[in-house]
Student: 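For reference, the structure I am asking about is given below.
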Amino acid sequence: MGWAIALHGGAGDIPLSLPPERRQPREEALRHCLRIGVEALKAKLPPLDVAELVVRELENIPQFNAGRGSVLTSEGTVEMEASVMDGATMNCGAVSGLTTVVNAVSLARLVMEKTPHIYLAFQGAEEFARQQGVETVDATHFITAENIQRLKQAKEANRVQIDYTQPIQNDSKKETPLASGDSQIGTVGCVAVDGDGNLASATSTGGLVNKMVGRIGDTPVIGAGTYADARCAVSATGKGEAIIRGTVARDVAALMEFKGLSLEEAANCVVHERTPKGTVGLVAVSSKGEVAMPFNTTGMFRACATEDGYSEIAIWPAAKIE
Ligand code: ASP
């Protein structure tokens with residue numbers, strides 16, 4: 001027993017040759033966000049507050065695909081989505097189709113706390129944001145030069161992607177990395193458990209590069225991209241369509257509940273046996289303070305810490321930075 005936290009900045013085909021100028025800022029961001037989460041847990045903030053706080057911070061970092069830095073739809077627009085779930089109460093909230101809300105994750109939490117519903121999308125979600133007085137900005141705020149370039153390259157290659165090498169839908173011809181080699185942005189998420197075993201999960205994303213306008217991925221779908229109950233909290237990243245099909249986050253919890261698997265066994269089973277290779281990564285914590293961070297992609301930006309002093313920041317399978 002003890003507190004634990006894990007967070008991710010997306011899974012994908014992250015080349016081992018990732019240049020330091022692209023790797024280091026993301027490592028720094030992971031370290032910074034982990035520190036914030038650990039301090040919040042030590043200060044005894046509820047796990048849902050911790051997960052929201054960390055995801056807000058990740059949303060504000062333009063190197064990640066959430067908030068400012070969100071990838072663009074085929075029309076060059078941003079449609080952000082997020083969800084949160086509190087394991088103790090099983091309460092949850094989700095939003096999608098956001099174009100002006102600075103921190104989608106906090107709007108998801110407000111949906112959970114201030115409406116009789118779980119999920120608001122597009123115009124209704126934007127109107128709710130205004131009613132609640134959350135920070136909004138002009139939609140252009142979220143669009144970065146890098147993402148304009150990413151969209152251009154995705155369009156030229158005629159593909160929808162979480163990164164620049166993995167086709168989501170098109171023919172089987174061999175894909176080559178984009179010229180920039182910058183294939184390592186991603187959805188963000190955080191899971192946390194306190195010393196009493198209370199769990200929470202939060203996930204936020206801009207979705208996929210060149211996605212259709214109106215496309216909704218796994219991130220705001222409770223049970224797919226985000227889940228928390230009395231046993232575990234899970235936040236997933238990768239190809240949303242595969243994650244939804246696999247009910248990835250809920251399956252981890254279900255394997256623990258119905259088959260009595262440990263967190264690690266359940267998470268590994270879902271990622272390595274139940275979901276196609278190259279499609280998913282997740283971070284998870286259990287009520288006992290265990291952490292699992294498996295992925296079946298080349299890499300996943302991830303970080304974790306536990307009360308007993310373990311800490312890790314890593315991108316690829318063996319390349320532990322800390
Ligand atoms: N899962 C996200 C989506 O499909 C993308 C990601 O994780 O990077 O929208």
Side-chain angles (χ1 to χ4, degrees), residues 6-14 26 29-30 55 58-59 61-67 69-74 77-83 94-98 104-105 108 119 121 142 146-147 150-151 154 159-169 178 182-191 201-227 234-251 270-271 275-276 278-284 293-302 315:
L7 53 111
H8 69 78
D13 193 2
I14 306 167
R26 291 176 173 100
L30 291 173
V55 169
L58 287 160
E59 285 176 339
I61 298 170
Q63 276 96 358
F64 295 118
N65 172 19
S70 286
V71 297
L72 307 181
T73 68
S74 57
T77 54
V78 161
E79 292 182 353
M80 297 168 286
E81 44 198 28
S83 65
V95 287
S96 55
L98 299 181
V105 71
Y119 194 164
F142 299 101
E146 287 80 6
N147 280 324
R150 286 179 179 118
L151 176 63
R159 56 183 193 233
V160 180
Q161 58 196 25
I162 46 171
D163 55 50
Y164 299 108
T165 57
Q166 295 293 323
I168 292 284
Q169 54 177 44
L178 293 193
D182 182 11
S183 62
Q184 53 291 323
I185 54 159
T187 292
V188 303
C190 177
V191 289
S201 173
T203 316
S204 181
T205 191
L208 302 177
V209 184
N210 201 21
K211 66 183 181 180
M212 286 173 70
V213 169
R215 179 262 188 190
I216 293 170
D218 59 297
T219 299
V221 177
I222 299 298
T226 300
Y227 192 74
V234 183
S235 171
T237 171
K239 292 177 184 167
E241 285 69 13
I243 296 169
I244 293 172
R245 267 183 218 115
T247 54
V248 162
R250 169 61 192 156
D251 265 17
V270 169
V271 168
T275 323
T279 60
V280 70
L282 62 83
V283 294
M293 304 194 290
F295 50 94
N296 65 21
T297 50
T298 310
M300 177 170 74
F301 291 99
R302 62 196 187 280
I315 303 173

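Both ligands and their constituent atoms are indexed starting at 1 by order of listing.
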Student: Got a salt bridge between Lys211 and Glu241, using NZ or NE/NH1/NH2 to carboxylate O under 4.0 Å?
Tutor: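 Salt bridge flag = no for Glu241 with Lys211.
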Student: Answer yes or no: does an N/O atom from Asn65 fall short of 3.5 Å to an N/O atom of ligand 1?
Tutor: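 The answer is no, given that Asn65 and ligand 1 share no N or O pair closer than 3.5 Å.
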Student: Can you confirm whether the side chains of Glu79 and Thr73 place a donor and an acceptor under 3.5 Å from each other?
Tutor: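 Short answer, no.
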Student: Going by the order shown, which atoms of ligand 1 are within less than 4.0 Å of some heavy atom of Gly207?
Tutor: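 Contacts of ligand 1 toward Gly207, numbered from 1: 5 (C), 9 (O).
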Student: If every non-hydrogen atom of Ile243 is compared with every non-hydrogen atom of Ala236, which pair is closest and at what distance?
Tutor: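 Taking every non-hydrogen atom into account, CG2-CB, 4.1 Å.
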Student: Side chain, backbone, both or neither: which part of Arg215 comes within less than 4.0 Å of ligand 1 when only heavy atoms are counted?
Tutor: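 The answer is the side chain of Arg215.
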Student: Is the closest N or O pair between Asp218 and ligand 1 shorter than 3.5 Å?
Tutor: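 There is such a contact, yes.
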Student: Taking atom CZ of Arg215 as the centre, report whether more than 12 heavy atoms of other residues, nucleotides or ligands fall under 6.0 Å from it.
Tutor: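 Yes.
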Student: Hey, is ligand 1 close enough to Thr187 that some N/O pair sits below 3.5 Å?
Tutor: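 So ligand 1 has an N or O lying under 3.5 Å from an N or O of Thr187.
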Student: Looking only at non-hydrogen atoms, find the nearest pair between Tyr119 and Ser96 and report the distance.
Tutor: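 The pair with the smallest heavy-atom distance is OH-OG, 2.9 Å.
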Student: With heavy atoms of Thr237 as the reference, note each atom of ligand 1 found under 4.0 Å away.
Tutor: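 Reading through ligand 1 atom by atom, the close ones are 6 (C), 7 (O), 8 (O).
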Student: Only one of Leu58, Thr237, Leu282 passes side-chain contact (heavy atoms from CB on, under 4.5 Å) with His8; say which it is.
Tutor: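 Single pass found, and it is Thr237.
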Student: Taking atom 5 (C) of ligand 1 as the point of reference, which of Gly238, Ser96, Gly10 owns the nearest heavy atom?
Tutor: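 Considering heavy atoms of Gly238, Ser96, Gly10, the nearest to atom 5 (C) of ligand 1 sits in Gly238.
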